[in-house]
Structures are given as C-alpha cells and as structure tokens.
Amino acid sequence: MSRIEPRTFRGTRDFLPSELIPRRRIVSIIEEAYRRYGFQPLETPAIEYLEILTGKSEENDKLIYEIRRARGDAEDSAESAIALRYDLTVPLARVVAQYAELPRPFKRYQIQPVWRADRPQPRQGRYREFVQCDADILGTDSPLADAEIVALTSEVLTALKFEKYRIRLSSRKFLAGLSELVTGNETHFFDFCRCLDKLDKIGWDGVEQEFGKNNIPAKDARARVTELMASGGTEPDFAGARKLVAGNGAAEVGLNEIETVYHAARDLGVPQGKLSFDATLARGLDYYTGPIFETVSEELPHLGSLTGGGRYDGLVATFSKQNVPATGTTIGLDRIQTALTQLERFKSEPSETQVLVARFDDAGVGKSLELAAELRRAGLRAEIWYDNDRMKKQFSYADQQQIPFVVIAGPDERERGEVSLKNLRTQEQVTLAQSDLAAHLLNVVKAQAGSPDSSGN
RNA sequence: GUGGCUGUAGCUCAGUUGGUUAGAGCAUUGGAUUGUGGUUCCAAGGGUCGGGGGUUCGAAUCCCCUCAGCCACCCCA
C-alpha cells in the first residue's frame with residue numbers, strides 16, 4: 001500500500017512546541033498592550049460569505065481562497081459561495097454593521113489567522129496563512145483615535161524590544177491633493193501613489209520611468225516631492241509643507257490631520273525619532289480615507305511592513321445604512337516573528353515543564369505520583385516518568401527538554417520521608433523533607449524568574 | 001501573476017568523464033556491569049536519489065515533461 005507523503009500546503013506551517021512557546025509569548029505581549037489601551041476581544045469565523053469579502057479591491061479579490069466541498073454535487077452550487085477571510089478589517093466592518101447594540105466608540109482587538117493566495121516568501125515573512133493582530137476604533141472620526149493607534153503600535157514594538165523601527169505616517173487625503181497638484185487632475189491617483197511608493201527602492205529616475213510607463217503627466221513631481229520630503233521626516237516642518245501645497249484643499253486638510261495625529265501620538269508617548277511624516281508612504285489603496293501608517297524595521301528592509309493601518313470611514317457603510325467612521329491597525333505576528341528570528345532574538349524553547357518527577361523503582365511509583373500531584377497543586381508544571389527506565393534516560397530527557405528540575409524519591413529518601421531535588425542548570429542537588437518540597441521549589445522558581453539571567457523575550 | 005535558481009536519509013551535504021550492494025556529519029534508538037543529564041566511544045535503524053517518460057548494455061549522473069521548494073518582482077502583514 002502506498003503511503004501518503006506527510007506535508008503541509010504551500011505557504012502554511014506547523015508550529016512545533018519549541019517554536020510555538022516563544023511565539024505565544026509574543027502574542028501575549030501584544031494582547032496585554034491592546035488590553036491596556038482598553039480594547040475588547042473579538043473573534044469571527046474563518047469562513048465568510050464570498051460577497052462579504054469581495055469588491056473592496058480588485059487586486060485583493062484575486063488572492064481570496066474560495067471554499068468548496070471535496071465531493072460536491074449539483075445541489076451544492078445552489079449554496080452561497082463561501083471563502084476564507086482575507087483580513088480582519090472587513091469582517092469587523094460586517095460585525096459593526098450587523099450588531100446595532102455595540103457601544104460607540106467600539107474598540108476591539110482580534111488575533112486570528114487570515115489567508116491569501118499569493119506566492120509565499122519566508123525570508124520576507126510572507127505566507128498564505130498568517131496571523132494578524134488587529135486593534136480598531138469605530139464610531140469616532142477624531143484624529144485622537146488615529147494617534148492612539150499609532151501610540152499603541154509604538155508601545156507594542158517597544159515591548160517586543162524592537163529598537164530600530166520607524167512608524168511612517170501620511171494621509172490619503174494629502175496624497176490625493178498631492179496627486180492632483182502634480183498631475184493636474186484626480187484620475188491618476190492610484191497609479192501616482194504606487195509609483196511614488198517605490199521611491200525608496202528605485203530612486204527618482206526609476207519613479208519617473210514608472211510615471212512614463214503609466215502615462216502620468218508628472219513633470220515637476222521630483223522637485224515638489226523632494227521639497228515635501230525635506231519638510232517631513234521625524235521632525236516635520238508642517239508650516240513649510242503647508243506652503244508647498246497651498247491652494248489645494250485636499251492636501252491642506254490631509255496635512256492638518258497628519259499634523260494633529262503626529263503631535264497627539266508624541267503626547268501619548270511615541271518616542272522622538274520613531275514617528276515620521278512620509279510623503280511617499282502610499283499604502284492602503286483599498287478602503288483608506290484619512291491618515292495612514294505603517295511600520296518598517298530599519299535593520300530588515302526586505303521584510304516590508306511589520307504593521308499597517310489607517311482610517312477607513314467608508315467601509316462599514318458597504319454593509320449598512322449607517323456610516324461609521326473607523327481607524328485601526330494590524331500587527332503582523334508572522335512578520336514580527338520573522339524579524340525577531342532574523343535578528344537572532346527568537347530563541348526556541350522545547351518545553352515549559354518546570355520539574356520532572358523521576359520514577360526510581362516499582363515500589364516508589366505511588367510516591368512519585370503523589371509528589372507530582374502535590375507539585376501540581378502548588379501551581380508548578382510537573383511531569384512524571386511512565387516507564388521503568390534508568391535515571392540516565394530520565395535525566396537525559398529533562399536535559400534535552402530543558403526542564404530545570406528533577407525530583408527523585410528512591411528507597412533511601414523514602415525511608416526518611418525525604419526527596420532529592422536536582423537543579424540541572426547549577427548541578428546542585430539538595431535533599432529535603434517531602435513536606436517542604438513544593439514550597440521550596442516554588443520559591444526557587446520564583447527567584448529564577450525574577451533574575452536577569454532568565455531568558456524571555 | 002511575471003522571471004530566475006535548486007531538488008540525494010528527519011536536517012546539512014558528498015557522490016569523480018553515466019559503471020557493481022548510494023556515503024558522511026548531525027539527529028534518533030540501543031549499549032559501554034543496573035541512584036543522576038549536557039562530553040566521549042561502539043552499534044543499529046532510516047533513502048521510491050522529488051515524480052513520470054526517454055536515450056543507453058547500464059542513469060543519482062544525459063534529454064523532455066511534471067511537481068515541490070527557494071529567491072527577486074508585483075502586492076502586502
């Protein structure tokens with residue numbers, strides 16, 4: 001009989017324990033920050049009706065996985081088409097439209113996988129199944145909400161010990177105005193942004209070539225944008241920038257909102273040098289309507305953006321008569337993990353077990369089980385040994401799994417009502433009364449967790 | 001979606017101009033006289049040479065197709 005080759009679908013991954021343990025640590029740091037800002041949890045189904053997901057952007061529609069039964073018959077085609085969600089923002093908009101009872105402002109966070117049918121590239125932290133960590137505020141058009149999202153992003157990255165990151169800030173309104181100023185009309189907006197966004201990568205000559213390819217009349221773009229960029233950066237000269245776009249309403253409004261968000265975010269604690277006004281940031285061409293932002297790691301430019309978001313005031317209205325203004329961001333968990341891995345700061349951990357209760361001889365099995373139960377009642381993560389194996393094998397397992405303590409109750413210890421406790425890291429072994437074991441170990445473990453020596457991201 | 005590179009053991013790779021039973025290191029399992037790991041030594045298990053077809057007396061090696069993986073672009077998290 002032919003075996004089936006065990007494999008995972010391209011662009012998807014298994015998370016083995018040694019990787020998942022530190023990965024979950026990252027998630028809990030993100031979640032803690034979200035909760036500190038007063039966001040409430042939300043989960044939605046992986047599967048949505050196709051019509052919910054499509055129509056936001058042509059490019060995106062091509063990347064949506066549709067679902068069908070493995071053995072369908074004619075009747076199935078009568079069922080509504082369904083698909084895997086592409087992001088968490090669209091399902092959120094659906095939820096807000098669907099449940100009138102939700103409060104305003106509605107602040108929710110959501111940490112769940114999404115699926116996109118594009119070509120995976122692990123080095124760039126790009127997968128077909130990946131986890132997004134979203135935080136969004138709905139029901140207010142105040143720039144303070146945008147600023148809070150920016151501050152939250154910064155706080156998470158700082159908590160994750162990223163040092164060289166930069167949050168780029170711009171505004172879709174500003175870009176629309178700029179496009180109009182440079183090209184003379186509104187028709188080239190999307191192409192204009194896309195070309196401009198490549199500036200970092202291909203330089204001005206390249207951008208001008210791109211303009212040519214797309215038939216964008218942008219002869220004085222270089223001079224104008226260069227000046228604007230000089231007014232931007234981490235200490236933007238908004239007054240100067242305003243002069244450069246004077247007379248264009250959209251650009252002026254956009255600039256004002258950028259300025260408000262910038263200062264509010266700084267007041268909220270975003271460190272100097274981490275937030276920049278960036279006239280060439282052109283992301284989020286789908287449903288964004290106001291301020292937009294993304295984060296890049298300056299050490300890992302090939303990774304693209306670690307986070308991305310912005311204001312999308314029109315999205316809820318695609319599901320409802322109500323027009324609900326909204327802003328938010330997503331933090332890419334897999335990008336974060338990829339970044340930390342490439343920075344060699346993501347250390348694998350094979351086990352979270354704190355103590356292994358060894359099995360010494362058949363006569364001592366009952367005692368070992370009692371000890372494990374006692375340790376577990378004290379809140380320690382304890383494992384027992386199942387088979388009648390030598391100490392060598394049991395210690396070898398503990399070592400391999402990086403379990404720091406082994407408890408032994410052989411005939412000698414049992415006779416005196418004692419146990420031996422070995423610390424595999426320090427190689428110290430102590431013998432103590434059985435009744436003191438749990439309390440003693442709890443103290444030692446606590447002290448270890450507090451020491452600077454203990455690892456942890 | 002476009003272009004390029006690569007596919008030999010679980011992992012990293014050797015394999016001479018096509019030539020007998022395809023090798024190494026790491027990992028795994030067992031052992032070095034049975035109360036203690038991380039070092040060392042010995043041994044064992046494990047391979048449709050990605051898959052299919054072709055050329056040849058003979059293919060891991062040459063040709064074609066296909067699949068998979070990686071990289072860049074596109075786009076993004």
Side-chain angles (χ1 to χ4, degrees), chain A residues 2-3 5-11 13 16 30 57-63 86-89 111-134 153 190 193-195 197-198 201-202 206 210 213 281-286 288 292-297 300 302-310 328-339 356 358-361 364 385 388-414 419-429 431:
Chain A
S2 74
R3 250 184 292 268
E5 198 196 359
R7 55 186 188 145
T8 50
F9 176 55
R10 180 168 201 198
R13 300 169 292 166
L16 301 185
I30 295 171
S57 148
E58 230 176 279
E59 277 295 309
N60 294 359
D61 288 1
K62 286 192 268 184
L63 299 179
Y86 170 92
D87 68 9
L88 301 179
T89 311
I111 300 174
Q112 289 195 279
V114 303
W115 293 267
R116 294 183 191 177
D118 61 3
R119 185 161 299 190
Q121 237 165 278
R123 195 176 94 91
Q124 298 179 2
R126 175 201 210 92
Y127 299 93
R128 285 182 172 169
E129 177 182 66
F130 60 97
V131 170
Q132 294 196 319
C133 310
D134 276 36
T153 302
F190 290 103
C193 291
R194 204 163 347 95
C195 295
D197 192 48
K198 293 182 190 170
K201 216 170 232 173
I202 62 180
E210 289 286 311
K213 269 188 222 161
L281 167 65
R283 74 176 354 272
L285 296 174
D286 356 76
Y288 292 117
I292 50 177
F293 21 84
E294 72 168 26
T295 310
V296 290
S297 163
L300 308 164
H302 61 272
L303 224 54
S305 50
L306 256 34
T307 82
T329 192
T330 179
I331 294 180
L333 176 61
D334 299 273
R335 286 276 164 89
I336 297 279
Q337 185 178 337
T338 303
L356 171 69
R359 163 170 172 152
F360 192 84
D361 51 12
W385 194 261
N388 192 4
D389 290 312
R390 316 168 164 203
M391 283 300 106
K392 179 184 172 73
K393 191 168 178 180
Q394 302 185 38
F395 270 85
S396 169
Y397 171 81
D399 180 51
Q400 205 177 28
Q401 293 294 299
Q402 293 173 27
I403 298 170
F405 293 97
V406 177
V407 167
I408 307 148
D412 299 349
E413 288 92 345
R414 294 204 299 273
V419 294
S420 290
L421 174 67
K422 177 154 183 178
N423 181 330
L424 297 208
R425 299 216 174 116
T426 64
Q427 306 188 49
E428 288 164 349
Q429 181 162 326
T431 298

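Just so we're on the same page: letters track the sequence lines, and every chain starts at 1.
Partners of A:D87 by salt bridge (Lys or Arg N to Asp or Glu O under 4.0 Å), not counting sequence neighbours: none found. Scanning for salt bridge (Lys or Arg N to Asp or Glu O under 4.0 Å) contacts around A:D118 gives A:R126, with sequence neighbours left out. Qualifying side chain to side chain contact (heavy atoms under 4.5 Å, CB included) partners for A:S420, counting only residues two or more places apart in sequence or in other chains: A:I408, A:E413, A:Q429, A:T431. Residues meeting the salt bridge (Lys or Arg N to Asp or Glu O under 4.0 Å) test with A:D399, sequence neighbours left out: none. Here A:K393 pairs with A:W385, A:D389 under the side chain to side chain contact (heavy atoms under 4.5 Å, CB included) rule; sequence neighbours left out. A:Q427 is linked by a side chain to side chain donor-acceptor pair (under 3.5 Å) to nothing, counting only residues two or more places apart in sequence or in another chain. The side chain to side chain contact (heavy atoms under 4.5 Å, CB included) test applied to A:R425 returns A:P404, A:N423, A:Q448, not counting sequence neighbours. Partners of A:R359 by salt bridge (Lys or Arg N to Asp or Glu O under 4.0 Å), not counting sequence neighbours, listed by chain and number: A:D362. Take A:P113 and apply the side chain to side chain contact (heavy atoms under 4.5 Å, CB included) test, not counting sequence neighbours, and it matches A:R85, A:W115, A:E129, A:V131.
Here the nucleotide nearest the side chain of A:R126, chosen from B:A77, B:G69, B:G35, is B:A77.
For the contact set between residues 400-409 of chain A and RNA chain B, defined by any heavy atom under 4.0 Å, the members are A:Q400, A:I408.
Judged by distance alone, with hydrogens and angles left aside, A:R335 brings a side-chain donor or acceptor within reach of the base of B:C76, the pair sitting under 3.5 Å. No hydrogens or angles were tested; on distance alone, a donor-acceptor pair under 3.5 Å links the side chain of A:E413 to the base of B:G35. Evaluation of atom-type donor-acceptor distances gives a pair under 3.5 Å for the side chain of A:R116 against the base of B:A77. Side-chain atoms of A:Q429 come within donor-acceptor range of the base of B:U36, with a qualifying N/O pair under 3.5 Å.
Following rounding to the nearest Å, A:D361 (CG) and B:U36 (C1') show an atom-to-atom distance of 15 Å.
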Below 3.5 Å is the cut-off: list the nitrogen or oxygen pairs between protein and nucleotides 40-44 of chain B, distance only.
none

Every protein N/O within reach of nucleotides 4-11 of chain B N/O, cut-off under 3.5 Å:
none

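The two residues A:P120 and A:R10 come nearest to each other via the heavy atoms CG-CG, 3.7 Å.
Stacking annotation: A:F130 is stacked on the base of B:A77 (ring centroids less than 5.5 angstrom apart, interplanar angle below 30 degrees).
Pairing for B:A44 is with B:U28, a Watson-Crick or G-U wobble pair whose two hydrogen-bonding atom distances lie under 3.5 Å.
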